[in-house]
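In what follows, chains are A, B, ... by sequence order, proteins preceding strands, each numbered from 1.
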Amino acid sequence: MDREVLLKIEGLRIEGRSGDGWTEIVKGIDLTLHRGEVLGLIGESGAGKSTVGLAAMGFARDGCRITGGTIAFDGTDLRQIPEPARRALRGKRIAYVAQSAAASFNPAHRLIDQYCEAPVVHGVMDRARAETDAIELYTRMQLPGPGDIGFRYPHQVSGGQLQRAMTAMAMACRPDLIIFDEPTTALDVTTQIEVLAAIRDIVRQFNTAAIYITHDLAVVAQAADRIKVLLRGQEVEEADTRAMLDAPREAYTKSLWAVRSFARPEQPPATGTPVLSVQGVTAAYGKTRVLDDVSFDIHAGRTVAVVGESGSGKSTTARVITGLLPPVSGKVVFQGAPLPPALKSRSRDQLRQVQMIYQMADTALNPKLRLRELIGRPAQMYLGLQGRALETRIRDLLDLIELDPDTYIDRLPGELSGGQKQRIGIARALAAEPQLIICDEVTSALDQIVQEGILKLLTRLQGEFGLAYMFITHDLATVRAIADEVVVMQRGRVIEQGPKAAMFTPPHEPYTELLLSSVPEMDPDWLTRLLDRRAAGH
Amino acid sequence: MNFALTVILGLVGLFALAALMRWGARHALTGQARAMAHDMPLTAAFGILVILIYTAVAIAAPALAPFPERDIVGTQFQAWSADHPLGTDRIGRDMLSRLIYGARNTVGIAFATTALAFVVGSILGLWAALVGGWLDQVLSRLVDALMAIPALIFSLLLLTIFGTSILSLILVIAAVDATRVFRLARAVAQGIVVMDYIEAAKLRGEGSWFLIRREILPNALAPLVAEFGLRFCFVFLAISSLSFLGLGIKPPTADWGSMVRDNATLITFGDVTPLLPAGCIALLTVAVNFVVDWQLHRASGLKEQ
Amino acid sequence: MDGLTQTRSGPRRTATGGRTPWEDIVLSNVLRIILVRVALGIGLLFIVSLVIFWATELLPGDLATQLLGQSATPETVAALRDQLGLNDPAPVRYWMWLSGAVTGDFGVSMANGRPIAEMIGARLGNTVFLALYAAALSVPISLVLGILAALWRNSVFDRMANAGALTAISFPEFFVAYILVLWLAQTGLFPSMVRINPTTDLGDRLYMTFLPALTLTLVVTAHMMRMTRAAIINLMASPYIEMARLKGLSPLRIVLRHALPNALAPIINVIALNLAYLITGVVVVEVVFVYPGLGQLMVDAVSNRDIAVVQAVALIFAAAYVSLNLIADVLSTITNPRLMHQR
């Protein structure tokens, strides 16, 4: 490989506007990238990875400003040249692929028009040549109907295809460097690997250097030669991909693996009457059938993970169980007795027994109520606690979720971190003293290290109170960590269900196989092997 | 020109006073109020100061006015003098006194109207958003139809029917305005109703009243307060316009809109006196708008973070 | 992509290629959306006319007594009632009124018995002239100011424009009008009263109507500028604008090619909203400048409680208002790529 240095960033400092003043969000980052090399930039939300990625183009978003350091691209400091000179580089020699392709394509123009824009404006080729070129790149990106797809408008094309079309667009001028900003984060797992493979291949074919920004270590391991870990605007460590995966040096980097290494002790198979039994439930929104004959049981002290991609009906199942969506047929049986289908006809005690924790703690907690009221209300309402007894109970609950009562009891949700908010969601569910808690993607909005804390807490509480969990998730790593039984759903149907051990050992249903095999592993060769295997299988 | 200079000096003075007030607030207040004083632009401070002055004048009108509101105390159209600082009007009433009483009448009536429109409009709007279904459909379609008639035209139509007394003025403007408040309150509440915490409360088994009072209202309050300011401006201008057209508050009650109408002839002679009541209307509306603008800016700024 | 769309897209097109069957389907789709909108608009007008008609029913006393005065004998009143069709049931009278209104026959005034169509006649033209005059001045000015303020966001220009607009919005129309009178009419530059008749030629008309048009322009421009600015700022924050910047495009190209096509719909709505506002704004301005328009007529009719005239003028204003919103709705449908090119 050519070892010529393409990009050298030294002492980069970037500030962001906050209220009246400016706060530093990137605090002195150094970065070196050689021609044809792919650097993975990983970190949690707020690590400043996107900001660094954009700065590599000499660009700062509105409300941000670059305050220090040098950004030398091919020997030229992007901070020292005038804006028109920077513009001449952008799109031509340095290109960008955004996280949400659906929002980043202009809805008013066809894909191919947007493709041709950069090559024509930068004078790389004429329009006719660019069109032919686009079709060739669409073919290489394995877009269906490459000769035709460019003549569509963005909203006529699916998310995974748009992301590939955007990568093709970034390639249009055959740039030296492409910034990929979380290009697969918004996609379903099965789509994610297709896009990931397409990106990796095209970057290799053209020997393009790339900065691949993501929060997912396993994803970046497939594409990057080297990995740099960021935390709150500072570098934690940098190493070659294999070295980083085999032996991370820093404690923080090790913690990024944590959720994948966390595993709950095996539970013996459950017997007796299940806490909750979903029996032959079929449900519909208006005339659209969304659930078709769904059945499964949940036992006390056990966790049932319901897995599927978006649109599989897993959240709808939860709506049927809670009574928000009465089923067309079938029933929900709680401890041997059927629950009334509609929320309104359920008794207060029936409501108390099934509690729910939501994905987005931000929207699940009323931002204008203090923790005291948020947690206290169910205890007051269901258990009739008042005054001193209520206060004691709220404090006990805060202790249970490992938040100091004296510090937190009078805070508003806005004064908490994401993980703390999710803990409050848990406390609110516990306050009702339920038998079953439905956890709807409770960890998917959280950073890895915080996820682990939440999973450990849920596991501990399950042991203490014998709770049954219904765990809705699309993340198979989480399923591996905590589930006793797994229900796989696709398009409103249960595809397969059984104990976790059985589910993770072949043979599987084809869809389960696809789902399982699509989860990236912490192994740089995983994608290659998978693609080989799939190619051989066909 | 001399007069224009006085006005400019007066405004500069008010701004200086507002700056002083803001400085005082930043030092004297604590906690959240202090933080608010810190990000307050000068225009907002000016707005608050003007609103305070108007309120004080409205409350203390009888003590401040040199002459009674309705008495004829001189000959018609007297020039500015020591006895009558702003002269007299068309039938010889003291302009300054009527201007001061106008703060009470015009602003008071506009405030009462806005408050009425607000209570009716926002309760119905929140209710429609929460309950949904046919109730929401019926109310919303009704409001759509009523809003298809321009507000001023609809008010004129209703005033023809109910006559132009002060009570019917208040009711008519409040009714027309309540449709606009309904729209906003419903939109705001709909944004809140889809939040998971509302679903959580419903799953808990909470009733409608609890949901409106504890879950929706606290979150809808900020936009509703800003809207109250905007609505007040709108109502205030509408009432003033109607009074100006001779269809709103009528003499002998002192009112700024009708004072302009009554004395408009002077303007063609180059006398600025009839513009003073109009200026009073404009100043208060500007002040309220400045404060609302600041609040809206704050709300959107907080959202971004 | 599902197979259906594939087959629909038919033969491969070149960039300049002609229409395919697929696009015909899309066009007919848009036509359907537009027809539905127009039908809804007509339905809305119908309801509005019902509301306006229903208002008469609330009026104490009746038309015949009002026309003849309290001293009339019961016989003459009854005869007139019969003649005016007041004894018919309400739905019949509504139908008579509406079908008359559609053909331009609004009945007679209660105040003086003259046909209302005759009273409205030239005034309608005058009001439309004034509104168009103001629109011709205000639309270009406010769009340019609004777009500049959005592009130079937080600059001194933006702050000044904003403060100025906020102030102008806060001024009652008659205040703006009288300031202009004091400033421009006092010096004899422009007339403070508008004396025009159907024979006045265009030049004179434009000169005579300048002050009322300027008053309306000042008030409407402020609103329109603020809305345009907000719409553009909202647009410039979209990820596809950032993408365009990251492709190294020039600011001019970004605005013209990436922002403008998407800004059309919001801008059309802003214009429509303000033209609709102009319709009611004319009322006060017409009174200040003694302009012989519909607004003046309506104010007089309200003072005299001449409900027949009020109804007629209200219906005209409401129809103009509804039509404007309808046109805006249709235009923004046509300019919306998501609707024009459906899946």
Review point. Do other residues, nucleotides or ligands put more than 12 heavy atoms under 6.0 Å from the CZ atom of B/Phe111?
Key: no

Exercise for review: Please assess B/Val260 against C/Tyr178 for the test side chain to side chain contact (heavy atoms under 4.5 Å, CB included), listing each intermediate value before the final yes or no.
Suggested key: CA-CA 10 Å; B/Val260 177; C/Tyr178 281 130; 3.7 Å; yes

Review point. Any chance CZ of C/Phe46 has more than 12 other-residue heavy atoms, nucleotides or ligands included, within less than 6.0 Å?
Key: no

Review point. Atom OG1 in B/Thr43, atom CG in C/Asn162: separation rounded to 0.5 Å?
Key: 10.0 Å

Check your understanding: Nearest 0.5 Å, what's the CD1-CG distance between C/Ile307 and B/Leu157?
Key -> 5.5 Å

Review point. How about C/Val51 and B/Phe154: do any of their side-chain heavy atoms sit closer than 4.5 Å?
Key: yes

**Study point:** Pairs of heavy atoms under 4.5 Å with chain B: top-ranked of C/Ile47, C/Asn325, C/Val284, C/Ile169
**Key:** C/Val284

Revision key, fill the gap. Distance col, row C/Met298:CE vs B/Leu156:CG, nearest 0.5 angstrom, shows 4.5 Å

Point to revise | Region of C/Val287 in contact with chain B, defined by heavy-atom distances below 4.5 Å | key: side chain

Exercise for review: Go through the atoms of C/Leu45 and report whether side chain, backbone, both or neither lie under 4.5 Å from a heavy atom of chain B.
Suggested key: neither

Review point. Under a 4.5 Å heavy-atom cut-off, does chain B meet the side chain of C/Val302, its backbone, both or neither?
Key: both

Review point. Could you walk me through whether C/Arg226 and B/Asp293 pass the side chain to side chain contact (heavy atoms under 4.5 Å, CB included) check?
Key: CA-CA 12 Å; C/Arg226 269 168 74 93; B/Asp293 219 41; 3.4 Å; yes

Study note, to complete from the structure: Heaviest contributor of heavy-atom pairs below 4.5 Å to chain C, chosen from B/Cys233, B/Ala238, B/Ser240, is B/Ser240

Review point. Counting heavy-atom pairs under 4.5 Å to chain C, which of B/Ser241, B/Ala287, B/Gly246, B/Pro277 comes out on top?
Key: B/Ser241

Point to revise | Least distance between heavy atoms, B/Ala145 atom then C/Leu44 atom | key: CA-CD1, 3.9 Å

Revision key, fill the gap. Okay, C/Tyr321 and chain B: the region with an atom under 4.5 Å from a heavy atom over there is side chain

Exercise for review: Measure the OG-CD1 distance between C/Ser170 and B/Ile281 for me, rounded to the nearest 0.5 Å.
Suggested key: 12.0 Å

Review point. Which region of C/Leu50, side chain (C-beta onward) or backbone (N, CA, C, O), has a non-hydrogen atom less than 4.5 Å from a non-hydrogen atom of chain B, or is it both or neither?
Key: neither

Exercise for review: Can you label the angle between the C/Phe174 ring and the B/Phe244 ring as parallel, tilted or perpendicular, going by 30° and 60°?
Suggested key: parallel

Check your understanding: Quick one: what part of C/Arg159 sits under 4.5 Å from any heavy atom of chain B, side chain, backbone, both or neither?
Key -> neither

Exercise for review: Measure distances from B/Phe290 to the heavy atoms of chain C and classify the residue's part below 4.5 Å as side chain, backbone, both or neither.
Suggested key: both

Review point. Stepwise, does the side chain to side chain contact (heavy atoms under 4.5 Å, CB included) test hold for C/Leu166 with B/Val286?
Key: CA-CA 7 Å; C/Leu166 203 57; B/Val286 172; over 6 Å; no

Review point. Rounded to the nearest 0.5 Å, how far does CD1 of C/Ile52 lie from CD1 of B/Ile149?
Key: 4.5 Å

Review point. How many angstroms lie between CG in B/Leu275 and CZ in C/Phe175, if you round to the nearest 0.5 Å?
Key: 6.0 Å

Review point. For B/Leu242, is it the side chain, the backbone, both or neither that has a heavy atom under 4.5 Å from a heavy atom of chain C?
Key: neither

